[in-house]
Amino acid sequence: MASPLTPRATDFPRWYQDVITQAGLADNGPVRGTMVIRPWGYAIWERMQAELDARIKAAGAENAYFPLFIPESYLRREAEHVEGFSPELAVVTHGGGRRLEEPVVVRPTSETVINSFFAKWVQSYRDLPLLINQWANVVRWELRPRLFLRTSEFLWQEGHTAHATEAEARVYALRILRDVYEATMRDVLSVPVLVGHKTARERFAGAIRTWTCEAMMGDGKALQMGTSHELGQNFARAFGIQFSSESGTQEYPWQTSWGVSTRLVGALIMAHGDDAGLRLPPQLAPLQVVVLVVRDDEGVRRAAEEIAAELRRTGRRVRVDDAVDVSFGRRSVDWELKGVPVRVEVGPRELAAGQVTVVRRDRQEKRPVPVGAAAAEVRKDLLKVAVSLREEAAARQAARTVAVSTREEAAAAAADGFAVLPWDAVGVGGELELAAAGVSVRCLQRPDGTLAESDDEPGLVAVVAKAY
RNA sequence: CGGGGAGUGGCGCAGCGGUAGCGCACCUGCUUUGGGAGCAGGAGGCCGGGGGUUCGAAUCCCCCCUCCCCGACCA
């Protein structure tokens with residue numbers, strides 16, 4: 001039987017769709033661009049949420065919830081913001097069987113509603129900083145949807161903060177970028193990312209500065225995984241947020257906003273998946289270990305249960321697959337598609353020799369392990385999988401990143417990887433030229449990969465790639 | 001919105017004037033079970049919609065609808 005997946009080298013986008021279907025991650029919804037997230041996919045998202053939520057709270061933000069419906073007039077208050085979002089708004093014109101006097105938009109993001117309340121809540125410098133996060137769905141009507149990567153409705157987290165000074169806002173935006181986003185991507189998703197500055201062209205509508213986490217996918221294309229924005233005083237002015245300073249003057253606060261979405265699930269698939277399916281880092285895997293009963297046998301079942309029980313006692317997420325009426329091959333393939341990091345095969349033959357077989361999903365190598373040592377070996381393997389997935393992704397990124405010096409070279413090199421060149425060699429005009437070639441400036445950094453103070457700092461380099 | 005394709009059981013497709021079929025999946029039974037098992041039996045389809053041509057239309061003609069792919073926007 002052939003693989004249920006199109007090989008990545010044959011057609012990467014199709015492979016991506018195949019993985020989502022075969023691993024049971026999601027289905028298309030009935031309305032174009034909408035997505036049904038199935039249990040296996042949702043469990044992965046829930047774990048991402050939990051990890052992000054803990055880090056967001058550690059950074060001092062509190063969760064709250066704001067309404068789905070926003071008065072259309074709110075969007076218009078910030079000029080760039082409306083302009084940026086108008087093309088993708090879903091607008092509700094009728095409610096309760098009547099035409100609404102003022103249409104309401106389904107939130108594409110919540111800057112406007114949240115800031116209208118910040119105006120009410122912020123009176124004094126003592127009310128600052130105000131650090132709010134919300135988990136919600138948002139709608140941005142998409143012409144070319146792709147499951148998890150670009151859907152008309154998606155789930156995300158959006159943080160919104162107000163600070164007394166520009167410097168404090170900047171520090172907070174960067175703290176979220178590094179301590180929450182970059183750390184989660186690296187340590188939880190096992191996806192190494194480039195952090196950098198967005199160019200004016202790629203900046204969030206209404207922001208004065210946008211920071212980004214960009215990762216390289218299995219086909220060499222870039223994916224924007226998360227952004228953190230400095231909003232300056234734009235929204236504060238638009239929504240009349242003012243506070244009395246210590247010296248008694250009325251001031252506008254400096255704000256930030258930041259978000260990551262279910263797109264992270266797409267990133268995980270494309271960063272780690274192989275021709276056998278998904279490869280999940282143990283930190284996110286709904287099941288970390290499957291103990292597979294190879295053949296129906298009393299002793300085999302007992303041994304499998306014992307290994308599973310020991311792993312559960314030490315906090316691992318384990319399932320015993322004893323569906324022996326389904327062929328061994330079928331079950332192996334299914335768990336590989338789903339990306340379970342480690343599989344233990346228990347069969348009568350090896351058990352007679354006092355052994356079981358342990359298979360790491362990332363390498364697909366089988367090795368015999370004494371029954372008594374199985375649980376301990378599995379625990380070690382789980383740690384190794386997390387590291388090796390990250391290292392593999394980092395190695396790919398390093399191997400497919402080249403330094404170039406002209407826009408022509410950058411466009412060519414970005415065909416299947418990242419091109420790095422002096423930002424001076426691109427410039428605002430050069431970005432249009434690159435766009436015509438199907439590539440874009442993903443971010444600006446200092447040559448050593450660190451973050452620049454601003455996008456006009458001298459000597460910056462541009463990372464150029466094809467983007468999702 | 002510009003260019004290109006396609007609509008036929010759950011999914012993927014064939015059939016292109018004679019009244020609908022294949023693969024996978026599904027159901028039942030038996031045999032299997034160490035890498036997507038085999039055999040036998042079975043269920044499931046206003047052939048996208050409307051109109052026309054014809055003795056007869058999934059098939060030919062006209063109109064409409066929808067979806068997919070490629071371009072400009074995008075977490």
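Just the heavy atoms: all of them, side chains too, but no hydrogens, waters or symmetry mates, feed the values below. Below, chain A is the first sequence line, B the second, and so on; all start at residue 1.
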Mind checking the [atom1] distance from [N] to [M]? Whole angstroms is fine.
| N | M | atom1 | value |
| --- | --- | --- | --- |
| B:rA20 | B:rC47 | C1' | 8 Å |
| B:rC16 | B:rG3 | P | 31 Å |
| B:rC65 | B:rG50 | P | 15 Å |
| B:rC1 | B:rC22 | C1' | 40 Å |

>> Ring centres within less than 5.5 Å and planes less than 30° apart: is that true of A:Phe154 and B:rA75 in this structure?
In response: yes
Of the listed nucleotides ([options]), which one gets closest to any side-chain atom of [X]?
| X | options | result |
| --- | --- | --- |
| A:Arg150 | B:rG35, B:rA75, B:rC67 | B:rA75 |
| A:Gln224 | B:rG35, B:rA75, B:rC73 | B:rA75 |
| A:Thr357 | B:rA37, B:rG35, B:rG34 | B:rG34 |
| A:Phe328 | B:rA75, B:rC67, B:rG34 | B:rG34 |

> Between the side chain of A:His197 and the main-chain N/O of A:Leu444, is any donor-acceptor distance below 3.5 Å?
Replying inline: no
What does [X] touch in the nucleic acid at a heavy-atom separation under 4.0 angstrom: a base, only the sugar-phosphate, or nothing?
| X | value |
| --- | --- |
| A:Gly259 | nothing |
| A:Leu149 | base |
| A:Glu345 | base |

> Side chains of A:His229 and A:Ser257: do they bring a donor and an acceptor to under 3.5 Å?
Replying inline: no
>> Please tell me whether A:Gln157 and A:Trp258 have a donor and an acceptor in their side chains that are separated by less than 3.5 angstrom.
In response: no
Just to confirm, is there a sub-4.0 Å distance from OP1 or OP2 of [N] to any side-chain nitrogen or oxygen of [X]?
| X | N | result |
| --- | --- | --- |
| A:Arg146 | B:rC69 | no |
| A:Arg330 | B:rA25 | yes |
| A:Ser261 | B:rA75 | no |

> Can a donor-acceptor pair under 3.5 Å be found between the side-chain atoms of A:Glu336 and the base atoms of B:rG35?
Replying inline: yes
> What is the ring orientation for A:Trp135 with A:Trp45, classed by angle as parallel under 30°, tilted 30 to 60°, or perpendicular over 60°?
Replying inline: perpendicular
> In Watson-Crick or G-U wobble terms, both distances under 3.5 Å, what is the partner of B:rC73?
Replying inline: none
